[in-house]
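Note that ligands are numbered from 1 as they come in the structure, with each ligand's atoms numbered from 1 the same way.
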Amino acid sequence: MTARVTHWINGRLWEGTAERSGDVYDPATGKVTKSVDFASRATLDDAVAAAKAAFPGWRDTSLTRRAQVLFAFRELLNANKEKVAELITEEHGKVLSDALGEVTRGLEVVEFACGIPHLLKGGFSEGVSTGVDVYSIRQPLGVVGIISPFNFPAMVPMWFFPVAVAAGNTVVLKPSEKDPSASMYLAELWKQAGLPDGVFNVVHGDKEAVDGLLENPDVKSISFVGSTPIARYIYETGTRNGKRVQALGGAKNHMLVLPDADLDLAADQAVNAGFGSAGERCMAISVVLAVDPIGDELVAKIAERMPSLKVGDGRRACDMGPLVTGVHRDKVKSYVDAGEAAGATLVVDGRTGDVDGDPEGFWLLPTLFDNVTTDMTIYADEIFGPVLSVVRVPSFEAGVQLINDHPYGNGTAIFTNDGGAARRFQNEIEVGMIGVNVPIPVPMAYYSFGGWKNSLFGDTHAHGIEGVHFFTRGKVITSRWLDPSHGGINLGFPTQS
Ligand code: NAD
């Protein structure tokens with residue numbers, strides 16, 4: 001019998017019987033290991049009701065106490081990060097060290113949110129008129145919905161919920177149904193940290209649960225991360241229903257390599273950023289733009305590094321794990337077939353090769369294409385797998401033009417030793433996150449994460465100050481008091497709680 005994953009509502013496991021459920025796989029063995037309950041509209045509404053009931057108490061909990069709960073959660077998460085990483089590897093397939101890296105990046109957002117007393121400080125102007133002062137405050141929204149993708153089952157939810165909770169909101173998280181266990185474990189850690197029941201809820205499911213979040217009037221905002229078609233749907237539906245929405249979509253990240261770059265560094269980073277996590281990262285590099293005349297040399301350097309990559313079960317000492325499901329593996333493989341049929345040069349074919357793992361696992365090895373052109377689907381589409389395409393371009397300007405013409409605008413990188421070129425690149429490029437000799441420029445927690453164009457619908461990026469603003473609303477107060485004011489006598493030492 002497979003283990004069951006169910007919802008976490010009001011501080012405990014849901015005790016109902018689900019009408020629908022989904023399979024959770026171990027991608028390294030290809031076996032179904034768990035069954036995850038899918039929430040009906042009624043179950044989703046119960047979770048929202050629990051979050052709504054918890055909101056007034058949590059909103060009115062002092063900043064000092066809220067920060068203490070955040071610090072306790074941080075300590076618990078840090079002490080148990082290996083356990084979270086194991087859960088991720090079991091269901092997603094990424095290698096353990098990569099899973100641990102993901103938890104660490106989530107932890108950084110928790111640490112950022114521990115500073116919430118400082119982050120929520122408003123402004124004060126004394127004496128804007130005679131006896132009149134003006135000041136600003138930021139208040140939580142209420143119940144906030146978070147919908148996350150399969151590829152970062154811990155980090156992506158943690159881009160949002162630490163800030164949301166710290167700011168005084170209550171949360172309903174709908175994680176990916178493909179790897180639901182990490183968020184359940186995080187819910188348990190919240191409880192141990194002293195978070196009141198109902199402040200953090202996890203509801204599993206598919207479109208039915210998502211539509212419930214989009215339509216329930218008590219849900220005030222939606223933070224979504226996933227593919228672009230769904231992100232667009234979430235943004236349009238959520239805003240039509242009066243909600244604040246940030247919907248982060250897909251990506252096709254280009255790495256522009258100029259002739260003056262250190263080509264060994266560029267080749268190392270193309271391999272790391274192209275094949276890490278089997279290319280299932282929204283910030284993975286999937287296109288290398290080689291500026292003439294370095295194409296042949298760069299392709300040779302990338303290709304010569306690829307045979308050393310060890311592909312296998314993420315619990316073993318491997319560089320790259322399987323893809324998340326058999327269906328996704330087959331889809332990625334069909335792109336390799338399509339690239340070959342379209343006439344791209346298949347330099348390294350990942351459809352066959354040695355794997356250190358169960359033959360039934362969802363394997364596909366790293367693939368490298370050269371001479372890719374913009375009319376090919378391997379260039380136009382987000383593949384989300386270990387497939388790297390090299391496009392030859394005649395100049396810096398041609399490379400910039402290609403990046404700016406692509407509908408996605410999540411991340412990009414330039415490799416060069418020319419500071420002037422790098423500066424011009426960061427100025428002219430229409431992409432949200434840019435690396436200079438850094439292939440995966442994921443911002444630190446105190447900056448904000450988000451793309452441009454079809455990679456983000458909405459105005460506000462995740463975490464950092466933009467995250468604090470997303471999860472709070474501003475108020476400005478203009479006040480006049482009679483002078484002198486009066487107060488009682490109190491000789492006690494002032495405390496904050
Ligand atoms: P997905 O769009 O299939 O699913 C994302 C979420 O939406 C899941 O919780 C899923 O259950 C839900 N969902 C799926 N179909 C739905 C539907 N028809 N209606 C409503 N909800 C639906 O994405 P995925 O495959 O889980 O994740 C990979 C995608 O996420 C890639 O496109 C990747 O680029 C993107 N991603 C983007 C970022 C970013 O920062 N921009 C970060 C991580 C992942």
Side-chain angles (χ1 to χ4, degrees), residues 20-22 24 27 36-39 41 44 91-94 102 105-106 109 145-160 172-180 182-183 202-215 222-238 245-253 277-286 323-325 327-329 331-332 381-385 406-412 431-433 440-443 448-458 460-463 466-467:
R20 297 188 306 124
S21 61
V24 180
V36 58
D37 288 350
F38 281 7
R41 186 64 68 94
L44 184 277
E91 296 178 357
H92 176 286
K94 65 176 76 172
E102 148 171 16
R105 294 310 301 258
V109 183
I146 300 169
I147 302 157
S148 55
F150 81 82
N151 67 319
F152 285 110
M155 182 187 79
V156 165
M158 285 196 278
W159 279 351
F160 306 104
V172 178
L173 166 66
K174 207 300 285 174
S176 170
E177 67 279 23
K178 296 191 177 86
D179 42 20
S183 47
V202 182
V203 168
H204 302 287
D206 55 3
K207 183 171 166 53
E208 184 171 348
V210 170
D211 284 345
L213 279 171
L214 290 171
E215 286 165 20
I222 299 285
S223 301
F224 171 90
V225 181
S227 57
T228 286
I230 312 287
R232 188 181 275 118
Y233 166 75
I234 298 282
Y235 182 75
E236 289 173 356
T237 314
V245 182
Q246 49 183 181
L248 285 69
K252 191 82 181 175
N253 305 314
S277 200
E280 292 171 330
R281 289 179 182 145
C282 61
M283 291 293 275
I285 291 293
S286 48
L323 277 85
V324 68
T325 58
V327 171
H328 186 58
R329 188 266 320 273
K331 183 177 165 202
V332 175
D381 296 355
E382 178 182 46
I383 300 176
F384 222 56
H406 206 285
Y408 292 113
N410 213 39
T412 187
V431 171
M433 294 170 283
I440 305 190
V442 175
S448 298
F449 182 108
W452 287 18
K453 299 186 280 187
N454 285 353
S455 295
L456 189 142
F457 302 92
T460 319
H461 293 190
H463 60 68
E466 292 196 38

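Contact of the M283 side chain with the N410 side chain is registered, since non-hydrogen atoms from C-beta on lie closer than 4.5 Å. Put simply, the side chain of V225 reaches to within 4.5 Å of the side chain of F160, judged on heavy atoms.
At least one heavy atom of W159 sits under 4.0 Å from some atom of ligand 1. No heavy atom of G451 sits closer than 4.0 Å to any atom of ligand 1.
Those atoms of ligand 1 that come under 4.0 Å of a heavy atom in N151, given as number and element, are 43 (C), 44 (C). Within the listing of ligand 1, atoms 32 (O), 34 (O) sit less than 4.0 angstrom from a heavy atom of G250. Atoms of ligand 1 lying under 4.0 Å from any heavy atom of V225, numbered from 1 in the order shown and given with element: 5 (C), 36 (N), 37 (C), 38 (C), 39 (C), 42 (C), 43 (C), 44 (C). Near C282, with a cut-off below 4.0 Å to any heavy atom, the atoms of ligand 1 are 34 (O), 36 (N), 37 (C), 38 (C), 39 (C), 40 (O), 42 (C), 43 (C), 44 (C). Heavy-atom proximity to I147, at under 4.0 Å, picks out these atoms of ligand 1: 6 (C), 7 (O), 9 (O). Heavy-atom contacts of E177 reach the following atoms of ligand 1: 10 (C), 11 (O) (cutoff under 4.0 Å).
No donor-acceptor pair closer than 3.5 Å links the side chain of E177 to the backbone N or O of G22. Proximity of a side-chain donor or acceptor of K94 to a complementary backbone N or O of N151 within less than 3.5 Å is detected. Counting only distance, with no hydrogens or angles, the side chain of N253 and the backbone of A284 share a donor-acceptor pair below 3.5 Å. R20 places no side-chain N or O within 3.5 Å of a backbone atom of D206 that could act as its donor or acceptor partner.
Residue contacts with ligand 1: K174 is placed with a nitrogen or oxygen under 3.5 Å of a nitrogen or oxygen of the ligand (distance criterion only). Inclusion of S148 in the set of residues having an N or O under 3.5 Å from an N or O of ligand 1 is warranted.
To the nearest 0.5 Å, the span separating CD on E102 from CE on M158 amounts to 7.0 Å. Put simply, CG on L248 and OG on S227 are 12.0 Å apart, with the number rounded to the nearest 0.5 Å.
Counting protein heavy atoms only, atom 32 (O) of ligand 1 is closest to E382 OE1, 2.6 Å. Considering only non-hydrogen protein atoms, atom 16 (C) of ligand 1 sits nearest to I230 CD1, 3.6 Å. Ranking the protein heavy atoms by distance from atom 28 (C) of ligand 1 puts F384 CE2, 3.6 Å first. Nearest non-hydrogen protein atom to atom 40 (O) of ligand 1 is F449 CE2, 2.9 Å. At the top of the distance list for atom 2 (O) of ligand 1, counting protein heavy atoms only, stands S227 OG, 2.6 Å.
Proximity annotation for atom 41 (N) of ligand 1: of S455, A251, G432, G249, G249 comes nearest, heavy atoms only.
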